[in-house]
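Chain A is the first sequence line, chain B the second, and so forth, proteins listed ahead of strands; every chain is numbered from 1.
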Amino acid sequence: MRLYSGFALLKAGFNGQKNWQSLWRSPEPKPAYDAIIIGAGGHGLGAAYYLAKQHGIRNIAVLEKGWVGGGNTGRNTTIIRSNYLFNESAALYDHAVKLWENLSQTLNYNVMFSQRGVMMLAHNVHDVQVFKRHVHANRCNGVDNEWLSAEQAKVFCPPLNISANMRYPILGAALQRRGGTARHDAVAWGYARAADDLGVDIIENCEVIGIRRDATGAVEAVETSRGLIRTKKLGVSASGHTSVVLGMAGVRLPLESYPLQALVSEPVKPVFPCVVMSNTIHAYISQSDKGELVIGAGTDAYTSYTQRGGLHISSHTLEAICELFPMFRRMRMLRNWGGIVDVTPDRSPIIAKTPVPGLYVNCGWGTGGFKATPGAAHLLAWTMAKDEPHTINAPYTIERFRDGYLIDEAAAAAVAH
Amino acid sequence: MLLIKCPYCGERSELEFSYGGQAHIVRPLIPSDITDEALTEYLYHRDNIKGVQAERWRHLHGCGRFFNAVRDTTTDHFQATYKIGEAQPASGAKSDG
């Protein structure tokens, strides 16, 4: 792998920037692998990377029915934060933020991680109480989060409307300064390039259509649109399609798949310095480095696999944005899309062994999977390599629903689901 | 915006309806008598079908009544709606909603 650097860029300039290599190969699938990951998004590619890098398993394939980063990795609003309420969640999401902080160096690929701060607005007494509770709980867990008055929030984010005449006036905000955004595609591409360099085969346009099990019930092979591939370790990182994939092995999960929409405006000059989220009036917004306002909200109201969603959900979100930031009233929206997110009853993910030997799953991230990409990938790789969970993902089992150990982060995405 | 046919009121905008999840899940008569696994199945596990599924809806901002629907989750096309207590129409039934 040719390392990227300022010097390499300068040197290639003398050749008119020609002869750059592709980031990863396009190999034909081999008949067998030591480990296979289903889903070449950030989570799946990252898991393959950590398996190869930290656990010495090199004969790995990542199978992807579409293209690298074409699912939810390329469809989210790129927000990263770790100010979750419960101890288990703080440990999980802060694990990811710590990996984000060094990810560009680790991968030698600029993922454009920008800790510009994530501010969550409080509009009523309930919000104020809940967010203050979060601030204190986070502080006990070593996660930064601070309470701001409405005036301090306005200083941090000047476009914000803090007029008392608003329908939902702003009473204050919780700010995580270590939170921010990253370039979503770069995360998938960076992990793909680094994993490929360690010998991982990334096989696109290869849909898994069956999971074969041996006489003992353990995973034996996967049937794909490009033939049968044998493996004894299978990790599934298929986001909204996890129920479908694990159904092939007869595993039932507490998941439902909903469309989650996002949209971007036409690009404008830098006007918006941070990420702002509002639970009560249902919207979140940031500005990409390209200049587009990136806007999202809660999921659609009913399950679906359409990757579209209803237009009234988007227009409701835009009404909220226009109330919070009146200067955006005349902005034009450029694109609107949906991704399919798999939601658990307690709004916390599952990163665990399944009842089928050799089958592992990383799913249930609902509306908040992007922020966890490096952490989820690292923990799935750990669980697959050691056949037991890391202490951080030990609580995130499938059995927690049977046993009553829910991690009830129902307000996890800061929007009501 | 979808049009959904309430079996009582006829076609209305989807904004009048609320979604109630997978249909035909039978509540255990005496929950304390069943195993933890069976209760987990009842409370949490869902088919989450990619394709045609039966589901509950409620005409919340209309007659207020619950009914069932058959919808294709890959297209959001409603194949049929029917009253609670009626049998699920065969899949691929003629579209009436």
Side-chain angles (χ1 to χ4, degrees), chain A residues 65 207 209 238-248 250-259 299-316 338 340-348 350 354-355 363-364 366 397-406 408 417, chain B residues 1-6 11-25 28 31-32 34-62 66-81 97:
Chain A
K65 76 172 171 182
E207 182 174 2
I209 48 181
S239 65
H241 282 75
T242 304
S243 298
V244 177
V245 175
L246 284 202
M248 297 169 191
V251 176
R252 278 175 71 74
L253 290 167
L255 293 178
E256 289 193 291
S257 295
Y258 289 86
T299 61
D300 275 50
Y302 46 86
T303 62
S304 177
Y305 287 85
T306 57
Q307 292 189 326
R308 286 197 300 265
L311 192 61
H312 59 286
I313 304 282
S314 305
S315 46
H316 176 79
I340 304 304
V341 299
D342 44 332
V343 178
T344 57
D346 64 357
R347 305 299 189 259
S348 287
I350 295 166
T354 69
C363 68
T397 61
I398 304 174
E399 292 77 21
R400 73 174 186 267
F401 296 95
R402 180 195 66 199
D403 300 339
Y405 290 105
L406 273 62
D408 196 4
H417 293 276
Chain B
M1 188 83 64
L2 301 176
L3 287 175
I4 301 174
K5 185 177 174 184
C6 169
E11 278 194 351
R12 301 290 180 89
S13 146
E14 77 173 275
L15 291 180
E16 295 187 13
F17 296 86
S18 66
Y19 178 65
Q22 187 181 330
H24 305 298
I25 296 175
S32 55
I34 63 173
T35 62
D36 288 352
E37 282 70 22
L39 192 63
T40 310
E41 180 67 27
Y42 164 70
L43 286 175
Y44 298 120
H45 290 180
R46 296 294 176 262
D47 292 343
N48 200 20
I49 293 168
K50 184 180 185 181
V52 177
Q53 74 172 7
E55 55 197 22
R56 287 188 310 174
W57 285 80
R58 188 181 175 203
H59 192 188
L60 183 65
H61 305 294
F66 281 95
F67 60 92
N68 290 328
V70 177
R71 181 176 58 101
D72 187 337
T73 60
T74 60
T75 59
D76 288 342
H77 177 73
F78 280 80
Q79 295 186 347
T81 57

Requested in this report: Mind checking salt bridge (Lys or Arg N to Asp or Glu O under 4.0 Å) for A:Glu256 and listing every partner two or more places apart, or none if nothing turns up?
Outcome: none

Query raised in the report: Atom CE in B:Met1, atom CD1 in A:Ile313: separation rounded to 0.5 Å?
Result: 9.0 Å

Report summary line: Distance col, row A:Ser243:OG vs B:Lys50:NZ, nearest 0.5 angstrom, shows 11.5 Å

Query raised in the report: Is chain B contacted by the side chain of A:Leu253, its backbone, both, or neither, given a heavy-atom distance below 4.5 Å?
Result: backbone

**Report entry** Validation row: A:Arg402, B:Tyr44 side chains within 4.5 angstrom (heavy atoms)
**Finding:** no

Report summary line: Separation between OG1 (B:Thr40) and CZ (A:Phe401), nearest 0.5 Å, reads 10.0 Å

Query raised in the report: If you round to the nearest 0.5 Å, how far is CG of A:Asp403 from CG of B:Asp36?
Result: 7.5 Å

Query - More than 12 heavy atoms of other groups within 6.0 Å of A:Tyr405 OH - result: no

**Report entry** Between B:Asp76, B:Thr74, B:Leu15, the one whose heavy-atom pairs under 4.5 Å with chain A are most numerous
**Finding:** B:Asp76

Query - A:Thr303 and B:Gln53 side chains, donor-acceptor separation under 3.5 Å - result: yes

Requested in this report: For A:His312, enumerate each residue passing the ring-ring contact (aromatic ring centres under 6.0 Å, His included) test, keeping only those at least two apart in sequence or located in another chain.
Outcome: none

Query - Between A:Thr306, A:Leu311, A:Val244, the one whose heavy-atom pairs under 4.5 Å with chain B are most numerous - result: A:Thr306

Query raised in the report: To the nearest 0.5 Å, what is the distance between OH (A:Tyr302) and CG (B:Leu2)?
Result: 3.5 Å

Report task. Let me know if A:Leu246 has heavy atoms under 4.5 Å from chain B in its side chain, its backbone, both or neither. Result -> neither

